[in-house]
Amino acid sequence: MLVSLQREDNIMHDDQHAHWFGRQTEAAIEWRHITRRLDTLYAAQFAGDTSVLTAQRIRQYEALQMALCGSPEALAQATP
């Protein structure tokens with residue numbers, strides 16, 4: 001009986017770890033996507049793009065990064 005309880009505890013722990021790891025992986029994928037978009041937008045600005053739309057997109061992507069870092073209030077500040 002004790003062995004089966006230990007196995008159940010291990011299975012529950014593994015499931016919790018897999019769930020945590022899955023969330024971390026999703027966040028990492030989203031972070032890389034945002035970083036690539038920002039790199040493209042920064043390059044456009046460096047090349048001379050001074051449009052309001054580009055500036056808005058940069059603010060929005062930077063706010064998304066801040067939200068991923070734990071500051072969701074940045075999203076409210078980035079709305080046009």
Side-chain angles (χ1 to χ4, degrees):
M1 182 69 178
L2 182 60
V3 172
S4 70
L5 288 176
Q6 288 174 339
R7 285 183 186 156
E8 287 179 23
D9 283 344
N10 287 341
I11 290 170
M12 285 178 40
H13 178 70
D14 290 345
D15 287 345
Q16 290 170 348
H17 180 72
H19 178 68
W20 177 85
F21 184 73
R23 283 195 345 239
Q24 296 301 320
T25 302
E26 289 174 15
I29 290 168
E30 188 169 357
W31 183 269
R32 284 192 303 270
H33 172 75
I34 292 168
T35 301
R36 283 194 304 268
R37 293 294 301 151
L38 275 172
D39 287 345
T40 301
L41 292 167
Y42 291 145
Q45 271 191 334
F46 184 75
D49 183 353
T50 59
S51 70
V52 173
L53 182 58
T54 299
Q56 286 176 345
R57 286 181 178 166
I58 288 173
R59 279 196 306 273
Q60 290 170 347
Y61 279 116
E62 287 174 343
L64 283 173
Q65 279 188 329
M66 291 300 295
L68 284 174
C69 289
S71 300
E73 62 275 0
L75 289 174
Q77 296 171 358
T79 55

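Only this structure's heavy atoms are used, side chains among them; waters, hydrogens and symmetry mates stay out.
Gln56 places a side-chain heavy atom less than 4.5 Å from the side chain of Arg59.
Taking the side chain to side chain donor-acceptor pair (under 3.5 Å) definition, one finds that Gln65 meets it with Thr35, sequence neighbours left out. A search for side chain to side chain donor-acceptor pair (under 3.5 Å) contacts involving Ser51 returns Asp49, Thr54, not counting sequence neighbours.
The hydrophobic cluster containing Leu64 does not contain Met66, counting ILVMFWY residues as joined when their side-chain heavy atoms lie under 4.5 angstrom apart, directly or transitively.
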Please set out all donor-acceptor pairs under 3.5 angstrom arising from side-chain atoms of residues 36-47, sequence neighbours excluded.
from, atom 1, to, atom 2, distance (Å)
Arg37, NE, Tyr61, OH, 3.4
Thr40, OG1, Arg36, O, 3.0
Tyr42, OH, Glu62, OE2, 2.5

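From Ile29, atom CD1 reaches atom CD1 of Ile34 across 12.0 Å, with rounding to the nearest 0.5 Å.
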